[in-house]
Visitor: 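The structure that follows is given in the form of C-alpha cells.
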Amino acid sequence: MSVMRIGNKANNLEDTIVAIATPPGAGAIGIVRLSGPLSEAIAQRIFRSKRAVSSFKSHHLYYGHIIDPETGEAIDEVMIALFRAPHSYTGEDSLEIYAHGGPLILKLILEATLKCGARLAEPGEFTKRAFLNGRMDLTQAEAVLHLINARTKAELQIAHKQLQGYLGQVVEGIIKTLVEFKAHLEVAIDFPEEDVEIVPPAVWQKRLEKEVIAPIKSLLEAYTQGRVLREGALMAIVGRPNVGKSSLLNRLLKEERAIVTPIPGTTRDVIEETINIKGIPVKIADTAGLRKTADVIEAVGVERARKKVAEADVVLWVIDASQPFTKEDEEIYHEVEGKSVILVLNKSDLPSKIDLKGRFRHLPQVKISALYGQGIERLEEEIFERILGQKEEKIPSFVPSLRHKVSLEKGLSAVKRAIDTIKNGLPPVFVSVDIQEALDALGEIVGKTTPEEVLSYIFSQFCIGK
Ligand SMILES: Nc1nc2c(ncn2[C@@H]2O[C@H](COP(=O)(O)OP(=O)(O)OP(=O)(O)O)[C@@H](O)[C@H]2O)c(=O)[nH]1
Ligand SMILES: [Mg+2]
C-alpha cells in the first residue's frame, strides 16, 4: 500500500520538491537540492546577494547568504546555482544550494524552503522526474542507481554505458520494427476487402526473425554473461578434510580469516568472504571437508557445504598432491561433477605423490601451494575465465538486469507465437494480439508501459535527494 501512496504523490510534477543531497553527518560541503516550478521564487525569498536572483544566469554559481524567510536571520554563507528548464537533471527549473556541511545548517536551509512551499522529496524522486519529463528512459534511470551502488570498476563501466542509453536504444530499435508491423496489420484488419498493398507474411516473418528475435536473443545472452559482472559470482571451495581449503581461502583473501590446523575436520561451518577478481566480486565459501562423520556438528557443516556446492557458479575442488588420490577424493568428484569445476592440486611445494592416471583431463587444473602462495595468480585467472566464460576482459556494451530479462523473455515468446500464427495462416487480427503483447513487454523495459508499482519500486531503491 505504502508503495502505491509514494507512487501517486511522486507523480505530481506541480510540486516543488526538496532534499538534502549529501550523505547524513558533517562534511565540508552540504548540498540542498530543489526541483519544480517554485525553484526560482524560493531562491528569491531565501537568498540574499548583491544581485537580484531574476538576473542570475542558468548554470552559474552565485555567492550570498541563505536567510530564514520569516525572521530574515542569516542561516549560512553559501553558493547557489539555478538550472532553468529544460536543461536540468530533472528537466524542470531546479536550484542547488552549496552550504557548509553541518547537519543543523542543512536542516535549517531545508526548513526555509519548506516554509516557502516546497515539499520533501521521496527517495529517487529527482531521477523519477527526469524520467517522467523524458530526460532519460527507464534503463538510464536504473543506471543511475547502479552507478551509485557499483562496487567494482566493471560494474561502473556497465552502468556508465547503460546511462548513455545503449540498452534503451537496442530495445527501442526492436520496438520500432514491432510498431511498424502492427500498423501494417491494422491496415489489413481495417480494409480487408480493399486492394491495399500488403507485404507478404513470409517477408514479415523474416524481418521479425532478424530485427526482433535475434537482438532479443543476444540481449538474453548478455544477461547471462553480465549477471556475474553486476551481481558477482559464488564460488565454493570443496575437498576432503585437511587438503588445505581454509589455507586457500586465506591466501585468496590475503588475510588469516579461517582457522587452519593439521587436524582433519577443522572447519565446520561455511565461511564466506567476498574478493574482487579482476573487477568481478566473487563470494568465496570455504566449507567443511566433505566426509562421512559421526560428529554431529561436523555433519551439519558437511550438509551446508553440499548446499553451497549446489548454489555455486564455480567450484574449486581441492586435492592434496602430496598424497595419493583417495576414494574420498573420488566421492567428492561425484558430488561436484557437472558443475563448473577447477581442479586445484594443492601442497605442490611437497614431493608429489599423486597420480591421476590421465583422469580429469577435461577439467582445468592448477597446481598451487596455499601455504607459500605459488600458483595463486594462475588460479585467479582460471577463476575469471570460468566465471566469464571467455578470455579477454571485455565488458559488454549492455547488460540487461533481471527485470529486463523477464520482459525480454515475455516479448520473445509473444513474437514466436506471432510467427506461428502467421505460419498457420490465421487472419491478421490474431497476429496483432501477439504483437501487442510483445510491445507491452518490451515497453516495460524502457518505461513506456511499466506499471506504476514497478516504477515506484525502482525509484524507492534510490536514496533521498537523487
Ligand atoms: N606443505 C603445505 N601444507 C599445507 C598447504 N596448504 C595447507 N597446508 C597444511 O595442511 C593442513 C590443513 O590445512 P587447512 O587449510 O586447515 O585444510 P582444510 O582443507 O581447510 O581442512 P578441514 O577444514 O579440516 O577440512 C595445515 O597444517 C596447513 O598448514 C600447502 O600448500 N603446502
Ligand atoms: Mg578448513
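Excluded from the calculations below are hydrogen atoms, water molecules and symmetry mates; all remaining heavy atoms, backbone and side chain alike, are included. Numbering of ligands and ligand atoms starts at 1, following listing order.
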Visitor: Should you measure from each heavy atom of Leu350, which atoms of ligand 1 turn up under 4.0 Å away?
Guide: 1 (N)
Visitor: Can you tell me which residue and heavy atom of the protein come closest to atom 3 (N) of ligand 1, and the distance to 0.1 Å?
Guide: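 It is Leu371 CD2, 3.7 Å.
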Visitor: What I want to find out is whether Arg291 reaches Glu298 closely enough, with some N-O distance under 4.0 Å, to be called a salt bridge.
Guide: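 Salt bridge: yes.
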Visitor: Checking side chain to side chain donor-acceptor pair (under 3.5 Å) for the pair Ser401/His404: CA distance, chi angles, key distance, verdict?
Guide: CA-CA 5 Å; Ser401 67; His404 305 145; 3.2 Å; yes
Visitor: Give the intermediate values and the outcome of ring pair (Phe, Tyr, Trp, His ring centres under 6.0 Å) for residues Phe360 and Phe325.
Guide: CA-CA 12 Å; Phe360 312 115; Phe325 192 74; 5.6 Å; yes
Visitor: Would you say Ile368 contacts ligand 1, with heavy atoms under 4.0 Å as the rule?
Guide: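 In this structure, Ile368 fails to qualify as a contact of ligand 1 - no heavy atom is under 4.0 Å.
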Visitor: In the protein, what heavy atom is nearest to atom 4 (C) of ligand 1, and what distance, to one decimal place, separates them?
Guide: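 Scanning the protein heavy atoms, the shortest distance from atom 4 (C) of ligand 1 goes to Lys347 CE, 3.7 Å.
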Visitor: List every atom of ligand 1 that sits less than 4.0 Å from any heavy atom of Pro262, numbering the atoms from 1 in the order shown and giving each element.
Guide: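 Those of ligand 1 that fall under 4.0 Å from Pro262 are 27 (O).
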Visitor: Under 4.5 Å between any side-chain heavy atoms of Ile419 and Leu208, yes or no?
Guide: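 Counting from C-beta outward, Ile419 and Leu208 do come under 4.5 Å.
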Visitor: Nearest 0.5 Å please: distance from the OG atom of Ser247 over to the CG atom of Leu371.
Guide: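 Atom-to-atom, Ser247:OG and Leu371:CG are 6.5 Å apart.
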Visitor: Enumerate the atoms of ligand 1 whose separation from the nearest heavy atom of Ile263 is less than 4.0 angstrom.
Guide: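 Answer for ligand 1: 24 (O).
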Visitor: Polar-atom distance check: Ser246 versus ligand 1, any N or O pair below 3.5 Å?
Guide: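 Yes; the residue has a nitrogen or oxygen that sits under 3.5 Å from a nitrogen or oxygen of the ligand.
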Visitor: Which residue owns the protein heavy atom closest to atom 17 (O) of ligand 1, what's the atom, and how far is it?
Guide: Gly244 N, 3.1 Å
Visitor: Is the shortest side-chain heavy-atom distance between Glu122 and Ile464 below 4.5 Å?
Guide: no
Visitor: Can you tell me the protein heavy atom closest to atom 12 (C) of ligand 1 and the distance?
Guide: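 Its nearest protein heavy-atom neighbour is Asn242 OD1, 3.1 Å.
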Visitor: Can you tell which part of Asp349 has a heavy atom less than 4.0 Å from ligand 1: side chain, backbone, both or neither?
Guide: side chain
Visitor: With a cut-off of 2.8 Å, which protein N/O/S atoms are close to the Mg ion (ligand 2), if we only count those under it?
Guide: Ser246 OG, Thr267 OG1
Visitor: Aromatic ring centroids of His59 and Phe83 under 6.0 Å?
Guide: yes
Visitor: Among all the protein's non-hydrogen atoms, which is closest to atom 18 (P) of ligand 1, and how far away is it?
Guide: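 Answer for atom 18 (P) of ligand 1: Lys245 N, 3.4 Å.
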Visitor: If the cut-off is 4.0 Å to any non-hydrogen atom of Gly289, which atoms of ligand 1 fall inside it?
Guide: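 Every atom of ligand 1 under 4.0 Å from some heavy atom of Gly289: 25 (O).
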Visitor: Would one find more than 12 heavy atoms of other residues, nucleotides or ligands at under 6.0 Å from atom NE2 of His160?
Guide: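 No.
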Visitor: Do Ala370 and ligand 1 have an N or O pair less than 3.5 Å apart?
Guide: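 Yes: some nitrogen or oxygen of Ala370 is under 3.5 Å from one in ligand 1.
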Visitor: Would you mind telling me if ligand 1 is within reach of the side chain of Asn346, the backbone, both or neither, using heavy atoms under 4.0 Å?
Guide: side chain
Visitor: Is there a donor-acceptor pair under 3.5 Å between the side chain of Lys339 and the backbone N or O of Val309?
Guide: yes
Visitor: When you measure from the side chain of Arg403 to the backbone N and O of Glu444, does any donor-acceptor pair fall under 3.5 Å?
Guide: yes
Visitor: Considering non-hydrogen atoms of the protein only, which is the closest contact for atom 15 (O) of ligand 1, and what is the distance?
Guide: Ser247 OG, 2.5 Å
Visitor: Do any heavy atoms of Pro264 fall under 4.0 Å from ligand 1?
Guide: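 Yes.
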Visitor: When only distance counts, is Pro241 in polar contact with ligand 1, meaning an N/O pair under 3.5 Å?
Guide: no
Visitor: Ring centres under 6.0 Å, that's the criterion: do Phe126 and Tyr89 meet it?
Guide: no
Visitor: Run the side chain to side chain contact (heavy atoms under 4.5 Å, CB included) check on Leu248 and Leu316 step by step: do they pass?
Guide: CA-CA 10 Å; Leu248 176 56; Leu316 297 187; 3.9 Å; yes
Visitor: Answer yes or no: is there a donor N or O on one side and an acceptor on the other, between the side chain of Asp15 and the main chain of Arg119, under 3.5 Å?
Guide: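 No, the answer is negative, given that no donor and acceptor are paired below the 3.5 Å cut-off.
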Visitor: Could you tell me whether a side-chain N or O of Asp320 sits under 3.5 Å from a main-chain N or O of Ser322, the two making a donor and an acceptor?
Guide: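 It does hold such a pair.
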Visitor: Can you check whether Thr287 has an N/O within less than 3.5 Å of an N/O in ligand 1?
Guide: no
Visitor: Should one rank Ile259, Leu249, Thr267 by closest heavy-atom distance to atom 23 (O) of ligand 1, which comes out on top?
Guide: Thr267
Visitor: Going by the atom numbers of ligand 1, which of them fall below 4.0 Å from some non-hydrogen atom of Val243?
Guide: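 Once the distances to Val243 are compared, the set is 19 (O).
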Visitor: How long is the straight-line distance from CD1 of Ile280 back to CD of Glu380, given to the nearest 0.5 Å?
Guide: 11.5 Å
Visitor: Is the closest basic N to carboxylate O distance between Glu328 and Lys292 below 4.0 Å?
Guide: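 Between Lys292 and Glu328 there is no salt bridge, as every charged N stays at least 4.0 Å from the carboxylate O atoms.
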Visitor: What distance separates Leu345 CG from Ser352 OG, expressed to the nearest 0.5 Å?
Guide: 8.0 Å
Visitor: Is the contact between Thr261 and ligand 1 made by the side chain, the backbone, both, or neither, using heavy atoms and a 4.0 Å cut-off?
Guide: backbone
Visitor: Return the closest protein heavy atom for atom 29 (O) of ligand 1 as residue, atom name and distance.
Guide: Val260 CG1, 3.8 Å
